[in-house]
Each structure stands twice: as C-alpha cells, then as structure tokens.
Engineer: 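Here you go, one structure.
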Amino acid sequence: MNTRKQDFLTGARDTLPILLGVVPFAMICSVTAISVGLTPFEAAGMSFVVFAGASQLAVLQLIGEGAVWIVMVLTTWIINLRFTMYSATLAPYLKDEPVLRKIPFVYLLSDQAFGVTMSRFANGLPANPAWYFYGTTSAIGLTWAISAIIGAMLGALIPASWGLEFAFPLSFMALMFAAIKDKPSVIAALVGGTTAIIAKGLPYNLGLILAATLGIAAGVFAEKKMGATR
Amino acid sequence: MNGLSVWILFIAMAAGTFALRFSFIYLFGKVEMPDWLRDALKFVPASVLAALVFPALVYSDGALDISLNNIRLLAGIGGALVAWRTKNVLWTILVGMVLFWILQAL
C-alpha cells in the first residue's frame, strides 16, 4: 500500500470517535429543516450543498421567523467566517497539491475535520499531510451525507405539535459553550446575546448581525484590556 | 419559501462558505492573514451563537417575558446547564426538549 493511501485511511480512521457526534448533528439539521416546512428532499439537499451545520440551523430558524433572504445569506457567511482561520492554518500543508484535487476536500472542510487533523499534526506530521486531511474530510463528509438522508426520512414522521423549533436554541447553546474558551469569549457571548435581545425589534432580523458585530468587538476589546493588565 | 428560492438560498450559502473555506488555502504564498483579523475571528462563534440563543429564550410569542410563566426560559436554563457541562448537542436537545414538554403539560 502506498503512503498516500495509508495516510488517507489513517485520517479517516482517526475521525471515528468524532463521527458519533456527526451522525446526530446531521440528523438534527434534517429533522429541524422539515419542522420549518422544507420537504425531505430539500432538507437533505441543504446538508449536501451547504455542509455547515451551525449555519444551516441558524438559517432554518430564520426561515421559521420569515426573515428576508439577504439576512439569511449574511448570517451564514458570518457564522462561517471561522473557516478562514482553518484555511490559513491548513494552507502550508496543502501548498504542493494541485488546485483541482484540493477543491472537493476543501469543500468538505469542517470544524471536526480541522480539529482531528490539527491534533494529529501536533503529535507528528504524517508522510503526506494533505492526504491525511483528505481522509478526515472524506469520512466526515460521507457520514454527514448518509445521516442527513436518514434524518430527512425520520423528520417526515415527526408531527409539528412537538414544538421542535425549540431544538434550535438548544443546539446553539451546546455549540456556544463549546466555543467559549476564556474570559474574552464569555464577554463576546454576553454582549452578543444581550444586544440581540435589545435589538430584536429591528427589521429583517438585522439585530442578529448587529449583535454579532458588537459581540466580536467586545471580545477583541476585552482581550486587549486583559492582555495589557496581565 | 417556494421550491426554487430555497435552492437559490442554499447555493448562495454554499458559494460564500466555499470561498471562506478555500480563501487562504488558495492564497497561500500571496496573502497572509493579518493578525487583527485572526484576533477578531476567534470571537465569531461565541458572539453569533449567543445572539441566536438569548432572544429565543426570553421572548415568548413576540413579547419580552422574563418570568416563571415563560417555559422556554425555564427549559432553556435546564438545557444550558447540560450544554455547559457536556458541550454535546444531542444531550442538550434531549434534556431541553423533555423539560419543555413537561412544563408544557403542567
């Protein structure tokens, strides 16, 4: 077996513990998509095309609230801005790969693939780092797609009276606590959240975008202040 | 939303997201990420997610309701405890939804 294939398979295998979280998350995205009125085909299709769960859930909540589409698109892009950080971090390992080969695997770049890849690289670089990364994104992408289809079939069976739209804030909560790592990020969350409450009345759900911006600014400011006093 | 506009929305979401994923991988050697941007991006998830969570808990039928009558707030606090301890989406939804259904039935 050549070393590329070996590194690809090692990458795929290293995602196994993470896949336990990917399966229900993809299913939740499909089930909630159906709860806001999408068809099962659209629900699974969203996960295939967008492949970014947190932003999908945010947009589904906005669809449920009847927001305008430009706010939905902007919200997606803001939530997914974090991918530029991953992109910058992974770039040196992918620099010698042909562009066309990179595209499908980079399309499948996720928080989980990035996390698995970087924790392996920190403990010793594989012979073909790019192929290791391709293995992680492929395994997660495939699992995500299959789970999204299963979720779409299940979602069609769940009656609207279950009030599943409450699953949105619950899922965001878990993701939020996972993202809060230090005091400045606590402050970013508190300012973002409080602004969103106050600005809820703004038209077109623009309060969300205002809240995100102020939250980020507060986090940066807090980090500068705390860094200065340390 | 009708069928076609949903797919246009998905494609707009996906195109922008792919551009963000590919950004610095594509630009490697040409453009480096500036430090100020890296510092700001760190706070995107915490602030956006909080902005999605907070209003969903304290508003009930479109009106601000910070009281024991607001079952979303009560069930949400229970869910937040699970989210804080486990950071797990599935457990948070399970506990939060069960609390929500129990409070609704009372």
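Per chain, numbering begins at 1; letters A, B, ... match sequence-line order.
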Engineer: Is A:V59 close to chain B through its backbone or its side chain, or both, or neither, when contacts mean heavy atoms under 4.5 Å?
Structural biologist: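 Side chain only.
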Engineer: Can you confirm whether more than 12 heavy atoms, excluding those of B:W84, are under 6.0 Å from its CH2 atom?
Structural biologist: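 Not buried by this count: 12 neighbours or fewer within 6.0 Å.
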Engineer: Does any backbone or side-chain atom of A:L57 lie under 4.5 Å from a heavy atom of chain B? Answer side chain, backbone, both or neither.
Structural biologist: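 For A:L57, no heavy atom lies under 4.5 Å from chain B.
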Engineer: With only heavy atoms counted, which part of A:Y93 is less than 4.5 Å from chain B, the side chain, the backbone, both or neither?
Structural biologist: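 Neither; nothing under 4.5 Å.
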Engineer: Contact part of A:L94 toward chain B, heavy-atom cut-off under 4.5 Å: side chain, backbone, both or neither?
Structural biologist: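 Just its side chain gets close to chain B.
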Engineer: Check whether A:E42 gets within reach of chain B through its side chain, its backbone, both or neither, counting any heavy atom under 4.5 Å.
Structural biologist: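 Contact with chain B is through both the backbone and side chain of A:E42.
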Engineer: Do other residues, nucleotides or ligands put more than 12 heavy atoms under 6.0 Å from B:Y59 OH?
Structural biologist: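 Correct, the count exceeds 12.
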Engineer: With a 4.5 Å heavy-atom cut-off, do A:T76 and B:F10 have their side chains touching?
Structural biologist: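 A:T76 vs B:F10: side chains apart.
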Engineer: So for atom CG, which belongs to A:L157, do other residues, nucleotides or ligands contribute more than 12 heavy atoms lying within a distance under 6.0 Å?
Structural biologist: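 Enclosed.
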Engineer: Non-hydrogen atoms of chain B under 4.5 Å away: do they reach the side chain of A:T84, the backbone, both or neither?
Structural biologist: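 The answer is both parts of A:T84.
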Engineer: Answer yes or no: is there an ion pair linking B:D65 with B:R72, defined by an N-O contact shorter than 4.0 Å?
Structural biologist: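 So B:D65 does not pair with B:R72 through a salt bridge.
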Engineer: Using heavy-atom distances under 4.5 Å, tell me whether A:Y86 contacts chain B through its side chain, its backbone, both, or neither.
Structural biologist: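 Looking at A:Y86, nothing touches chain B.
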